[in-house]
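Take a look at the structure set out below.
Computed from a predicted structure; not experimentally measured. Chain naming here is simple, since letters A, B, ... match the order of the sequence lines and numbering starts at 1 in each.
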Number of protein chains: 2
Amino acid sequence: MVVSILKEDGYENIATAKSVKEALKVASKINPELAILDIMLPDGDGFSLMKQFKKTKDYPILFLTARGEDENKFKGFGLGADDYIVKPFLPKELTLRISAILRRSYKNENPLVKLHASEIDFDRAEVIKNGEYIGLTAKEYNLLSVLYLNAGKIVTIDALCEAVWGDNPFGYENSLMAHIRRIREKIV
Amino acid sequence: MVVSILKEDGYENIATAKSVKEALKVASKINPELAILDIMLPDGDGFSLMKQFKKTKDYPILFLTARGEDENKFKGFGLGADDYIVKPFLPKELTLRISAILRRSYKNENPLVKLHASEIDFDRAEVIKNGEYIGLTAKEYNLLSVLYLNAGKIVTIDALCEAVWGDNPFGYENSLMAHIRRIREKIV
DNA sequence: CTCTTCCTTACATCTACCTTACATTTTTAG
DNA sequence: CTAAAAATGTAAGGTAGATGTAAGGAAGAG
């Protein structure tokens, strides 16, 4: 049931297991990014399974629990679970929680913006060209950010001046061009 | 009974004892990381046993107690126990408490942060350079922590002042630079 | 052709970052 | 409690690199 919900939501690498033993075997093979565990299992319980999991790699874990079963335990102990969901639940609820967990757990990626000749790392204010790291200055960074946020749209000179110099953004048109020149030097 | 719960939860080095005398003998041999003690023992009580234990090494201790027995004692006195659990209890409850205690007591992963010329030990607020241990002052430690947590990202002066001086973080820009200077002196 | 817009170049200026030296406050030791 | 030591804060410059300016060129429209 859970599997079909996940498939419909677009997840593709799904593995299942019917027991603690099987789960450990499967997990060691596929290096999962997220585990969904039932608390009640034929040969053990989800908690101890979680602990075994966390020994090898710290991926997020979502628990399924029947109403009343151990709900209060969850609230009391932090215990390392990332979330739990009480059966019965709506498909949407499951997928929402999963995407929330994944977002929380793997948000530490820093999406490099790929250009023709280079990439931009906004977090570090660097452009990477031919493996070389070139720092951006403050104004350059501001400018590029504004341009990136408006990618594909028309951005007037006035709007750029406004964005970079804020109050009293007049008379900087030449400056702006100078900065754009320098940015271009770095990114192409 | 307790042993089987623990085994199922993945704990492997378990030793048991049926009396104070035996417990002391066993403990001296295996150098335990955690002790689970009954309060009532044939040749003494758990409290004095705990005291003996703590003489040699300070490992955490979990007490088993029958309902009503000494519950109030526990609440009144801190007395060094890390937790207690009232019989009868669910297997899950025991394992949850144990993992909580262990997490609390042995969260000592202390990864030295390696820099070019030195390493930083945040737990001890020390930097290690050429085998020499150089202490960090409070402010230096705060600053370095914030910088480390944001490693690779841009951290503005304002953000740093905010982090170090909290409320009213204004006018410390010079101070900040002085601290940074001193940190650099220590770590490069 | 002239005008306009976009762009480049070369250079002038300025400011953010950094250092130094010292003042003040807090902590420690006697 | 007092004195010494350590930590923290302040102020006054120096400087490289960031930013701003101005003069002008190329290309397209009219």
Once base and sugar-phosphate atoms are separated, protein heavy atoms under 4.0 Å mark nucleotides 3-13 of chain D, 5' to 3', with B, S and - as ----SBBBBB-
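- The main-chain N or O of B/Asp123 is found under 3.5 Å from a side-chain atom of B/Asp121 such that the two form a donor-acceptor pair.
- Judged by distance alone, with hydrogens and angles left aside, the side-chain atoms of A/Lys129 form no donor-acceptor pair with the main-chain N or O of A/Ala117 at under 3.5 Å.
- Between B/Trp165 and B/His179, the two ring planes are tilted [angle within 30° to 60°].
- The main-chain N or O of A/Lys18 is found under 3.5 Å from a side-chain atom of A/Glu22 such that the two form a donor-acceptor pair.
- Atom CD1 of B/Ile36 sits about 12.0 Å away from atom CZ of B/Arg97, to the nearest 0.5 Å.
- To the nearest 0.5 angstrom, B/Tyr172 atom OH is 14.5 Å from B/Asp158 atom CG.
- Annotation for A/Asn168: atom CG counts as buried by contact number, over 12 foreign heavy atoms lying within 6.0 Å.
- Taking a heavy-atom distance under 4.0 Å as the criterion, the stretch of DNA chain C touched by chain A extends 5' to 3' from C/dC7 to C/dT9.
- In terms of heavy-atom proximity, B/Pro32 sits nearest to B/Ala27 at CD-O, 3.5 Å.
- Non-hydrogen atoms lying under 4.0 Å from DNA chain D are contributed by nothing in residues 143-158 of chain A.
- A donor-acceptor pair under 3.5 Å is formed between the side chain of B/Lys186 and the backbone N or O of B/Gly135.
- Residue A/Phe89 qualifies as enclosed at atom CZ: its count of foreign heavy atoms under 6.0 Å is above 12.
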